[in-house]
Structures are given as C-alpha cells and as structure tokens.
Amino acid sequence: MPTAIITGITGQDGSYLAELLLSKGYNVVGVARRASTFTLERVAHLLDKITVVQGDLHDQGSFMALFEEYKPTEFYNLAAQSFVPTSWNQPTLTGEVTALGVTRILEAIRYYNPKIRFYQASSSEMYGKVLEIPQSETTPFYPRSPYGVAKVYGHYITINYRESFDLFAVSGILFNHESPRRGLEFVTRKIADGVAKIKLGLTKELRLGNLESKRDWGFAGDYVDAMWRMLQHDQPDNFVIGTGETHTVREFCEIAFAHADLDWQKYVIVDERFYRPAEVDILLSDPSKAGRELGWEPKVGFVDLVKMMVDSDMERIRKQVANS
Ligand code: NDP
Ligand code: GDR
C-alpha cells in the first residue's frame, strides 16, 4: 500500500485529495498544525481511515520525523496562508509559510529520501497583472499580492530542486477551484452562504468588493485528480489546471441569486472595504498541456458549480434554523 503525506489536510483541497487517495488504496497521512482546538471539520468523515499528525510549515524537523515513521512515496504540499487579503496584513508570515515552507519540505525530502515524489500547490495568482491571455505554463509571472509573490518563490524553488538535485518535484499551477467546502471568506462561498441566509430570512444584504474581476473557476473535486495525475506522470513538470473559461464575480452573483429565485441587485452592496490594494483583473487558463499529457479535463461546469454551492449552503442553513 503506497503512503502519501498531505499538508493542509484540514483545508478544502486536503479533504478532497484524501478521499481520492483513499479510493485508490493509499495509506493517507495528513499533517495539521497544532491548535488549542483542532479544526478537523472537513475531514471528520475520514478520521477512521486516515492518520492525522501534527506538523507545521515553520518547522523542518517535524517533516524529517514523519518520513522516518511513515516512509511515504508521495508528498502533497497543500498547506499555505492562502487568503490573498490576509497576505497584505501578514506579509512576513505569508512568506514564511507559503514561500519558505516549501523549501523546508524540499530540504527534508532531499536529505531523507530523494525518491519521494513531491507536489507543490502553485497558483494562478502568480500571473497577477497578466502578461498574456490565456495563461499557460510559459506565460511570465507578475504577482500582485504578497501571497502571489510567495507562490512564485514556491514555484521556482520546486523547479530548482528538481533541476539541482534531480527530485521528482512537480508544480501544479491551479486556477481558482471551489466547492461547498470552500472557506467562508472566499468570494464564491461568501456569495453562496449569503444567498442562503437571505433566502431563509437571516439577513437582508450581502456586502462585496470588486464585482468586475474575472476568474477561471472550477470544482475542487476535479482538481485534486489532476494533482494525483501529475505525480504519476513519467517525468516531473509544471502543469496549468483550469477550465479555460472566465466569469465575473457579478455573473457568479446573478446565477447564485437566480437559483434561489432572488434578484441579486436588490441585495448586493458594493463595499470599498473589500477592495484590494492591487487587484488581479482577469484570469483565464489554457489547460491544454494537462489535457494532452495527463488526460485530465474538468467535469463540473461553471453553472453547475454555482448551483452546487448554493444548494449545499441552503441545506446547511435550513438545518441550523430548524435546530435553533
Ligand atoms: P485552505 O486555505 O482551505 O487550506 C490551507 C491549509 O493550510 C489548511 O489546512 C491550513 O491549516 C494549512 N496551514 C496554514 N498554515 C499552516 C502552517 N503554518 N503549517 C501547516 N499547515 C498550515 O486552502 P485550499 O485547500 O483552498 O488550497 C490548498 C493549496 O492550494 C494552498 O496552498 C493554496 O494556496 C493553493 N491554491 C488554492 C487554490 C484554490 O482555488 N483553492 C488555487 C491555487 C492554489 P488550518 O486549517 O490550521 O488553517
Ligand atoms: P482569489 O479568491 O483572491 O482569487 O484567491 P477570492 O475568492 O478571495 O477572490 C476572487 C475575486 O473576488 C473579488 N471579490 C471578493 N473577494 C473576497 N474574498 N470577498 C469579497 O467580498 C469580494 N468581493 C469581490 C476579489 O477582489 C477577487 O478579484 C483564491 C485563493 O484560493 C488563493 O489561495 C488561490 O491561489 C487563488 O484563488 C487561485
């Protein structure tokens, strides 16, 4: 039975990746940082099937000890300070975790077992003020936030360790991917949750920032399959993963509210507080290399994704109301 270690097991992608790897017969070891109360909500349904251990991207030693104990063949680094606005408030922490954290893991792999296959969760935020539309593996980067800058570092250190030490180190450049398990502060989930609360009479408005920014949004469940495929490929490489479609935040609102028979214009208030010091205006992927070389393509389309998220929050909030 192969063993895979996943950092960021408590996050959105960690939970979907753990499900996928379990279905393929892996022994899954998830790394969670210590907290006074554990936030294992997203993997609560998997706790009898996976092993959760403590580890922090600030601490290289914790990974050496894990390798000794679990002898992994694959390592997925999904942990990060991943919320873009927070990266302006906590830029050095973001750099420590999202950038230098990658080097700490690569160093641990290099010294412990250079045969471990490594996946780095890179991001379309690296393209920032885009220099080309659509964005592919060869598009130059122009990050627009401390988060984007940190991810560029993580991307290049992954390539550098591949080239310097012959590690099987892969960088997956994933465009935005969402799901009912998305954190509540990200715009898609904030909208889905807002629609459900308005529909069920818990609030009367939804305050958002820039409605004109465009994102290439896919379903997280589809994207973790691409991560796994990258580590099964015959050679380590960089791959863009996205849908090849882009939509505005406004369109997301229109569809989400309409799905609940509501007119978004009556409820959405544009609030300057949610604008960013520097915005990424448009992201649009060219995922053709992943299609060609990995046989990967997204299954869930934009409208179905929006409806899935609204339906899930409606059900969750309905239950909360019924139990209160
Ligand atoms: P989440 O924010 O949902 O999860 C981030 C995870 O990182 C959480 O488990 C969090 O733990 C963990 N983490 C944060 N800091 C540390 C630390 N110091 N040590 C150990 N663990 C830590 O992100 P997603 O699941 O959405 O994304 C997964 C990865 O993919 C991230 O690296 C993200 O930057 C990247 N990415 C995401 C995209 C997306 O659209 N979702 C697109 C492209 C890249 P805790 O629960 O304790 O906070
Ligand atoms: P993003 O996701 O920054 O693309 O990063 P987010 O959902 O936060 O923002 C998307 C776009 O929506 C606009 N927006 C708002 N955003 C938030 N969060 N809240 C609002 O109220 C709001 N109103 C408008 C933003 O300005 C932005 O243009 C996500 C993260 O998962 C990263 O970790 C990942 O790397 C990238 O996706 C790809």
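One is the number of the first residue; the rest follow in order along the sequence. Atoms within each ligand, like the ligands themselves, are counted from 1 in listed order.
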query = Without hydrogens or angle criteria, can the side chains of Thr246 and Asp216 be said to hold a donor-acceptor pair below 3.5 Å?
reply =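 Side chains of Thr246 and Asp216: no pair found under 3.5 Å.
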
Only residue of Glu251, Glu279, Glu245 satisfying salt bridge (charged side-chain N to carboxylate O under 4.0 Å, His left out) with Arg215 is Glu279

Report task. Using salt bridge (charged side-chain N to carboxylate O under 4.0 Å, His left out) as the criterion, point out the one residue from Arg181, Lys24, Arg42 that pairs with Glu19. Result ->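 When salt bridge (charged side-chain N to carboxylate O under 4.0 Å, His left out) is applied between Glu19 and each of Arg181, Lys24, Arg42, only Arg181 qualifies.
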
| Near ligand 2, which residues have a heavy atom under 4.0 Å away from one of its atoms? |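 Lining ligand 2 at under 4.0 Å, by heavy atoms, one finds Ser82, Phe83, Val84, Ser123, Ser124, Glu125, Tyr147, Asn176, Arg182, Glu185, Phe186, Val187, Lys190, Leu208, Gly209, Asn210, Ser213, Arg215, Val249, Phe274, Arg276, Glu279.
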
Close residues (non-hydrogen atom under 4.0 angstrom from ligand 1) work out to Gly8, Thr10, Gly11, Gln12, Asp13, Arg33, Thr39, Gly55, Asp56, Leu57, His58, Leu78, Ala79, Ala80, Ser82, Val97, Ala121, Ser122, Ser123, Tyr147, Lys151, Leu174, Phe175, Asn176, His177, Arg182

For the ring pair Trp296 and Tyr223, is the centre-to-centre distance below 6.0 Å? yes

- Under 6.0 Å between the ring centres of Phe75 and Tyr70?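 No.
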
Query - Glu293 and Lys289 ion-paired at < 4.0 Å - result: no

Main-chain N/O of Ala260 paired with Lys199 side-chain donor or acceptor, under 3.5 Å: yes

Taking every heavy atom of Arg162 against every heavy atom of Ser171, the minimum-distance pair comes out as NH2-N, 4.0 Å

* **Spacing of CD1 belonging to Ile198 relative to CD1 belonging to Ile317, to within rounding of 0.5 Å** =>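 Output value for this atom pair is 10.0 Å.
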
